[in-house]
Every structure is written in C-alpha cells, then in structure tokens.
Amino acid sequence: MSEPVATERPTRKGLPIPKVSRPWVPRAVGFATALIGLFDIVAGVAPHIRESRMHKLATLLPGTVTTVATALSLVIGIVLIMLAHALRRRKLRAFRAVAVLLPVGFVMELLRWHHTGTAVITLVVWVVLLLNHREFYALSDPRTRWRAAVNFVVMLVLSFGLGMIIVSAHARTTVGDPSLRERFWEVFWGLVGVGGPIHYTGSRTGDLVYYSLAGLGFFTAVSTIWLALRPSKPFAVLDATEEQHVRELLTKHGARDSLGYFALRRDKSVLFSPTGKAAIAYRVVSGVMLASGDPIGDVEAWPGAIKVFMEEAHKHAWVPAVMGCSEQGGEVWTREAGLDALEIGDEAIVEVEDFTLEGRAMRNVRQMVKRIERAGYECRVRRVEALDAQERDAIRHAADAWRGTETERGFSMALGRFGDIRDEGCVVVTAHKAIEGAPEGTSDIRAVLHFVPWGKDGISLDLMRRDRDADPGLNELLIVKALQACPELGVNRVSLNFAMFRSALARGERIGAGPVLRAWRGLLVFLSRWFQIESLYKFNAKFRPIWEPRFLVYPGPGDLPRIGIASLQAEAFIVMELPKSLRRFQKVRPEPNAAITVPAQR
C-alpha cells in the first residue's frame, strides 16, 4: 500500500499550506491527550488511584510522562485537556507544546523512574508526531482580551474545587480533625504559595499538598497573564475602506442577490478576490467560518474569492460554511470548493407589477387591511434620507422597545442598524395611531418595517416589528402599503421573510404525502413553538410570492451539527456571553459612524 503524500497549494501570502492527508492523526492525538489528562487529574485528587492498575495503564500512554512529580499531575492534566481540542483542530501551537513535553518526559522516565518501556513508547510517539508535523498547521484563533478575566474566574473556581478535594483526600494524615473553615483557608493560602493552618503527620504528604495547590495557583496566574498580554484581534470588523469597496461592488452587481446588502454589517469580516472584483463577508463562530448569501461582485471573480475564503479557513482549521446562498451560488461553491449543499428553505419574493389585492386568493388580506384602516391606523412609506433626526430617533427607540429578546438577533438577513448616514437608500414603513389618554409627546408609532436596497430596483426586508398591544394584522397592512408605494420609489421587486424548510411544510400537508414527509412536517410544526418556522411560511404565503430556494453549503454530514450550533449562535438564538452584571466591564468595540443597532427578526 502506497504512503499518502501531502500536496501543497499557495496561500494569499505565497506560503504553502498542506492539504490534509492523514485526518486520523489529529483526532487520535487529541483523544489520547484528553484521556491522559483525565487520568492525571484523577491520580492527583485520589491518592489510592496512583497504585492501581488504571494508573499503571496510564503510565504507558505518552502524556503521563510529562508528570515529573506527583504534585504536578493536576496541572499537567488540566494542560493536556486544554490542548486536546486544539490538537484535534490541528493547531500548530498545541503541537509544538506536545512536541516539547514528550522528549522532556522521555528523559524523566529514563533518569528518574527508570521506566524503559514507557520511555521507548514515548520516543516512538514523538517521532511519529514529528513525521506527521504537516498535519498540524493551523494558526491560533483570535481571542478577545476580556477572556483573560473569564479564564481567571473559571480556573480559580476549578482550582479551588480541586484543592478542597485534595485536602479532604488526605484527611487520614492530618493532625487533628480540621474544620471546613480550616480546609478553606488551607486551599486559599496554598493557591498563593503560602502554608495554611493544617499540618500533616508526614512531610511527604505536606509537600504533596503544598506543591499541588501552589501548582494550581501558578497555572491560574500564568494562563490569565498570558491571555491578557497576548496579541489579540478582538472583533470581526468591517473597516471604512473595506465597506466602501463592498458598496462599490453592490452598486455594480447588487441586483444579483437580495442578501448582498447585509454584507455591510459591521460585525463581519470580508475577504476579496485577488482581482478585487468579488468579496465574501463572514464571521467566525465556534470554529466555523460562516459566510452568508452569495459572493458579492462579478460572477467570473467568485472562484477567486472562494479560493481565498477556503485558504483562510484551511489556514486556521476552521469549518467553512455558507448560509442562505442561492442556487447559482450553491453551484459555484460546490464546484469550486468541493463542498455539499442542502436546501434549507425559500425566500419569498413579490413582483410589484403582479401584486394586487383583487381576487379570491387575496380575500383574507384585503379584509384584514380594510379592518385595520377602519381602526384609525395611518401608514407612511419613505426613504430613510427623507427622515429628520427626530423621526429617526423615534423609530429607532420604538423598534428597540419592541424587541422580544434582550440580545440583538440577526446575521445572514439583518443589517443590524437603523438610520445610518450611509444607509439613506433604505426604505422605512411606519404605522401611526395615537393612544387615547397617553401623555402629551408620547410617540404614535405602532409598527415599523425596514427594507435595504436590492440593486437599483429592489428592496429586501430587514426589520419587522410592532407594538405588542397594537391590533393584529398591522404587519400585513404595512407590507401592502409598501408594495403599493413601490412604483413611486422605483422598486419592481420586494424580498420578504425567509421561510425555513418551506417546501417540506408545503408538501407534507398535501394529499398523498408519505409517512416520512408527514413526520418531518410534524417535527417542524412542533419546533415552531420556539422558532418562527410555520408561522413565517404562512405569513409570506398570503402575498402570493415567488419562492426562491436557499441553500446551506457545508463540507460533510459530520460537520452539520457544529455548523447548526454556530448558525444559531450567529443569529443569537444561542447566546454565550458574560452575565449582564459583568458585561458593563467588557470593552465595547467602537463603530465609526454607526447608529444604535436594531437588527432584524426575519
């Protein structure tokens, strides 16, 4: 059987990046490292385990040789577990750390413990890792500085918990019967390297407890200082130069994709093709390099931008993925990047020329609109550039007050701001009705729609919110008024909400649908209790739209769960951040010329 050969391809900087040839190596090393780290922690907190068969088995594994003393077992175990995931993701720094630890362990085995067999195994594994060094090429991920504080809190809690277990595990060799308070202060002073109030009958036990606690405290301090002082790239950011370049591409090619304008979110990064004629906006979430929509710009330059995107993902060992690309975009991605595509839903597009409230199919919408108008609501449709500062502030405040969640949602189909000076081509639709008995000066705005430009003759829905106390059907009225005002605005097509798994819902309710399709539809209806799946589909269907399929592009089936979680995080359905009480201490990224953000709920 021939040996696999690693080939290379150039990066943007001209440096070679090896293609994956032995994918099992990082996974095997990561798993073994985590297992050894767990053994080390167990052996450190439970003294009787050290003489058990489990410990003897653990000494045959390469990571255990790094425990130059029993007191360091806990620290080494934590380090190995922290390195395990990085090794699995092919991180170069993690590989270098293991490559240094293994030969140190080899020398310690020979000179201190005289375990020749384990030393030989360690040496063999070290040589194998060096021979496979090309499998570990990924650069470290950018981290924010505030993670140093998070690391300090987590490591302090972990170290204190392990310290209490260590002190309690040696109760038989303590002088007297120390109380919980005395054990607490023993751990506290031990973590800072000072002897505590508890004394032991044997000096060996006292040294073991002292060095174990001091090692945990030392590692907590060093890891926190390292995170605080390391060079960081805190936020994905679209700077002014990149934004201007993207806007120029949208001016020339923005009519191709209704999601193109959402690339101007300023919490995204952007990569350009070598010619500068195409760009891809993305964000990295939990190790997934997540793009949205089609590449922006000339179709002929898409392959170049996709190549740069894939090289960036490969360089950091990120999982590449694309949310909501069109059928044409999916074909280019799958052809150029060797990825797979999965249809995840449909976009509702209304042709303004064909829209009418006449006919039996539009009876429900027509009646609802007339009922809301009789209730005294007034609608206004304007470009954002026509609003004065007072109106912009009032609309922004109202939309923010009606947001259903504490966290702003949106990524792939949301702009994330309202009233910015550079977004004056956007269209805003508002519903107004004064509240009887309300204090003077109270806003009469009851609902808001916000559309972003889609080329020169289209708009795409960004924001749809209303007062929860307003009459039902207000959103239908706003959309109808927006569609009726489109000819005066020079708009020929309108992109409405995106309906997840629309085709499955539609086919599942038809006569003759099979049991599998009906079961799938039943699951989607059940999930609609928490996510707007069925409700958005039925809402969009009222306006008789054209359904345009949208796709998820991904490397393989095994990556789908990870991509799904990252997508939910990007859209803020899953929020992983500091508690609200601590968030005020977090450094906030300045956003030049940006208004207060009001992301969409499409």
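More than 12 heavy atoms of other residues, nucleotides or ligands sit less than 6.0 Å from atom CD of E385. Counted within 6.0 Å of CD on E248, heavy atoms from surrounding residues, nucleotides or ligands total more than 12; the atom is thus considered enclosed. Atom CZ of R544 has 12 or fewer heavy atoms from other residues, nucleotides or ligands within 6.0 Å.
Between E327 atom CD and E343 atom CD the span is 8.5 Å, to the nearest 0.5 Å.
Nearest approach of Q569 to S286, heavy atoms of both residues: OE1-OG, 2.8 Å. Between R383 and L489, the shortest heavy-atom distance links the atoms NH2-O, 3.0 Å. Between G458 and V491, the shortest heavy-atom contact is CA-CG1, 4.0 Å. Across V352 and P487, no two heavy atoms sit closer than the pair CG1-CD, 3.9 Å. Across all non-hydrogen atoms, the minimal contact from A482 to V429 is CB-CG2, 3.8 Å.
Residues W333 and F551 place their aromatic rings such that the two centres sit no closer than 6.0 Å.
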Could you pull out all donor-acceptor pairs under 3.5 Å where a side-chain atom in residues 363-371 meets a protein atom, sequence neighbours excluded?
from: R366; atom 1: NH1; to: L357; atom 2: O; distance (Å): 2.5
from: R366; atom 1: NH1; to: G359; atom 2: O; distance (Å): 3.1
from: R371; atom 1: NH2; to: P472; atom 2: O; distance (Å): 3.2

Quick one: side chains of residues 502-509, donor-acceptor pairs under 3.5 Å with protein atoms, not counting sequence neighbours, listed by atom name and distance.
from: R502; atom 1: NE; to: D346; atom 2: OD1; distance (Å): 3.4
from: E509; atom 1: OE1; to: R521; atom 2: NH2; distance (Å): 3.3

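Note on ring orientation: taking the six-membered ring where Trp is involved, the planes of F272 and H245 are parallel (angle under 30°, cut-offs 30° and 60°). Ring pair F501/W520 is perpendicular by interplanar angle, where above 60° counts as perpendicular and below 30° as parallel. The aromatic rings of F543 and F355 sit tilted relative to each other, their planes meeting at an angle between 30° and 60°.
Within the 4.5 Å cutoff, the side chain of Y377 has heavy atoms near those of the D471 side chain.
Under 3.5 Å, the side chains of E347 and S495 contain a donor-acceptor pair of N or O atoms. A donor atom on one side chain and an acceptor atom on the other are not found under 3.5 Å apart for S292 and R283.
When R392, R396, R266 are each tested for a salt bridge (charged side-chain N to carboxylate O under 4.0 Å, His left out) with D420, only one passes: R266.
Residues in residues 476-485 take part in these side-chain hydrogen bond (donor to acceptor under 3.5 Å, both in side chains) pairs, two or more places apart or across chains: E373-K481, E476-K542.
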